[in-house]
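Taking it in order: structure first as structure tokens, then the write-up.
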Amino acid sequence: MDLIIRRAVLPRGTGPHKTQNGSVDRASGHGTGVTAKAATLVDIGIEAGRIVAVEPHLAAVAAEEIDAAGSLVTPPFVDPHFHMDATLSYGLPRVNASGTLLEGIALWGELKPQLTQDALVERALQYCDWAVARGLLAIRSHVDISDGRLLAVEALLEVKRRVAPYLDLQLVAFPQDGLLRSPGAFDNLKRAIALGVDVVGGIPHFERTMADGAQSVRMLCEYAAEQGLRVDMHCDESDDPLSRHIETLAAETHRLGLHGRVAGSHLTSMHSMDNYYVSKLLPLMREAGVAAIANPLINITLQGRSDTYPKRRGMTRVPELMAAGITVAFGHDCVMDPWYSLGSGDMLEVAHMGLHVAQMTGVDAMHACFDAVTVNAAHILGLEGYGIAPGCEANCVVLDARDPVEAIRLRAARLAVVRRGKIVSRAPAARATLNLEGRPAEVDFRLHRG
Ligand code: FE2
């Protein structure tokens, strides 16, 4: 074998911990870190870029071995919603003084004419370096096609080619200025797809009227159906409870047979919608197999800005969507760009914020937040061979934590990141050395008992 990762703890649902009916074997000790002693340890055998064995005490030997020593080994993080054409542009040409969505859009408008392909590629490559170091090995990025030159499209297609050996980059043709509102946008979008962009985007709530928004959803879904493509729209990123384009998106998905291939991103208006209406909407989404992508870091900062108090949290109804059987993932959306000044490609930070905003502090709910940045996001992207099981692509992350909850709590260090069987990044564990009388010298933020 090429590589064996020994004594690994797996997250729920990625390996041999699943019982026959698909439920999780609770005796395996996946809890809050305290019970980790009881966790089943497995060895992961890797050959020719694939996982070939996941079992306790693998007898084989390998050219290289990693001792996980009871740490969590997870499939890579997946970001289902990002804007790589804007990332790391913080301060160009100026910072967003108010921190609002509208000033961010205006700022992006100021920056666009100054963009060069080289600078876009350089910033995106730097971000992908951060991503790999964070164990984030698949990203769905929207790319603005409003500019007739398609400069950003060409730049990100170049980035996609260059990072392919170590990161899966999926691109969405995104009409930032509106499909109907911006002249030539649909044409640009079709050209972007012809050049190799993967997914059809949209922004119905930004069109001039509700009717135009619904019309844009219909046009884009019909085009995606014709071309056999997936759809991912910025949808109802608004505090207006009557912004209901998700209803049209679900209905069009159902009408056109796009089940399982469509995602609604943001969906923040759902937070403010009438409860009775939502009780009809969720089954419609479920029936159409429309997934939901929440972006907790961004929407907790951008939504509710015109509220006084009480002030809305602005994130979509994550636990309710999950309870309705809808696939929900969390996206990073922005890192150091006109809309958001912070971030470092850490999907555990995204899960941490999502958990708080959605008040998902129950044990199962916390695990669900981990799934929202791993397996659920992978499902939305349609990634093949994702997981820790024989036959899967050998992509995984060794975390300095013993279970997903501890990983989220600590935003745990990525001790090793493996891509197609090769170690592509290593990082030290987070420890500190104390100089206190009568106390141990080393501080380890994991909880130790007994
Ligand atoms: Fe976005």
Side-chain angles (χ1 to χ4, degrees), residues 78-90 96 99-109 111-112 124 127 136 139-146 152-153 156 169-179 182 185 189 192 197-207 213 216-217 220 230-239 243 245-246 249 262-271 291-303 305 314-316 318 328-343 345 347 350 353-354 357 372-373 377 380-381:
V78 178
D79 184 355
H81 188 110
F82 195 61
H83 294 265
M84 204 174 278
D85 47 0
T87 198
L88 307 195
S89 66
Y90 177 74
N96 182 336
T100 58
L101 173 61
L102 289 181
E103 187 175 342
I105 292 172
L107 188 48
W108 179 236
L111 177 60
K112 264 200 268 191
Y127 183 74
L136 168 55
I139 300 174
R140 174 182 277 184
S141 173
H142 295 253
V143 51
D144 187 358
I145 54 82
S146 302
V153 169
L156 289 197
L169 178 58
Q170 192 177 81
L171 298 176
V172 186
F174 175 45
Q176 169 87 67
D177 299 338
L179 186 80
S182 167
L189 185 143
V197 170
D198 310 276
V199 179
V200 176
I203 186 163
H205 59 277
F206 194 71
E207 305 293 349
S216 77
V217 172
L220 290 163
R230 290 175 185 268
V231 176
D232 186 342
M233 289 192 198
H234 284 66
C235 194
D236 304 324
E237 189 180 7
S238 160
D239 290 330
S243 186
H245 296 296
I246 181 60
L249 185 61
V262 175
S265 279
H266 293 288
L267 305 177
T268 56
S269 73
M270 198 184 293
H271 193 275
I293 301 169
N295 296 293
L297 288 165
I298 304 309
N299 290 127
I300 195 63
T301 53
L302 292 182
Q303 307 309 127
R305 280 289 178 121
M315 190 167 78
T316 194
V318 172
V328 183
F330 291 152
H332 208 316
D333 203 5
C334 302
V335 170
M336 300 194 76
D337 70 7
W339 297 275
Y340 188 61
S341 310
L342 308 172
M347 295 307 291
V350 174
M353 180 59 77
V357 178
V373 293
I380 291 172
L381 266 67

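First listed ligand is number 1; within each ligand, the first listed atom is number 1.
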Worksheet item: Does a side chain donor of either His81 or Asp333 reach within less than 3.5 Å of an acceptor in the other side chain?
Response: yes

Fill in: Contact flag His142/the Fe ion (ligand 1), N/O/S atoms, threshold under 2.8 Å
no

Worksheet item: Where the side chain of Ser243 meets the backbone of Ser238, is there a donor-acceptor pair that is under 3.5 Å apart?
Response: no

Practice prompt. Would you check if the side chain of Asp198 reaches a backbone N or O of Leu171 as a donor-acceptor pair within less than 3.5 Å?
Written response: yes

Item to complete: Look at the aromatic rings of His332 and Phe82 and report parallel, tilted or perpendicular, splitting at 30° and 60°.
Response: perpendicular

Practice prompt. Taking the Fe ion (ligand 1) as the reference point, name the nearest N/O/S atom of Asp333.
Written response: OD1

Worksheet item: Does any N, O or S atom of His81, backbone or side chain, fall under 2.8 Å from the Fe ion (ligand 1)?
Response: yes

Worksheet item: How many degrees, to 10°, between His234 NE2 and His83 NE2 as seen from the Fe ion (ligand 1)?
Response: 90°

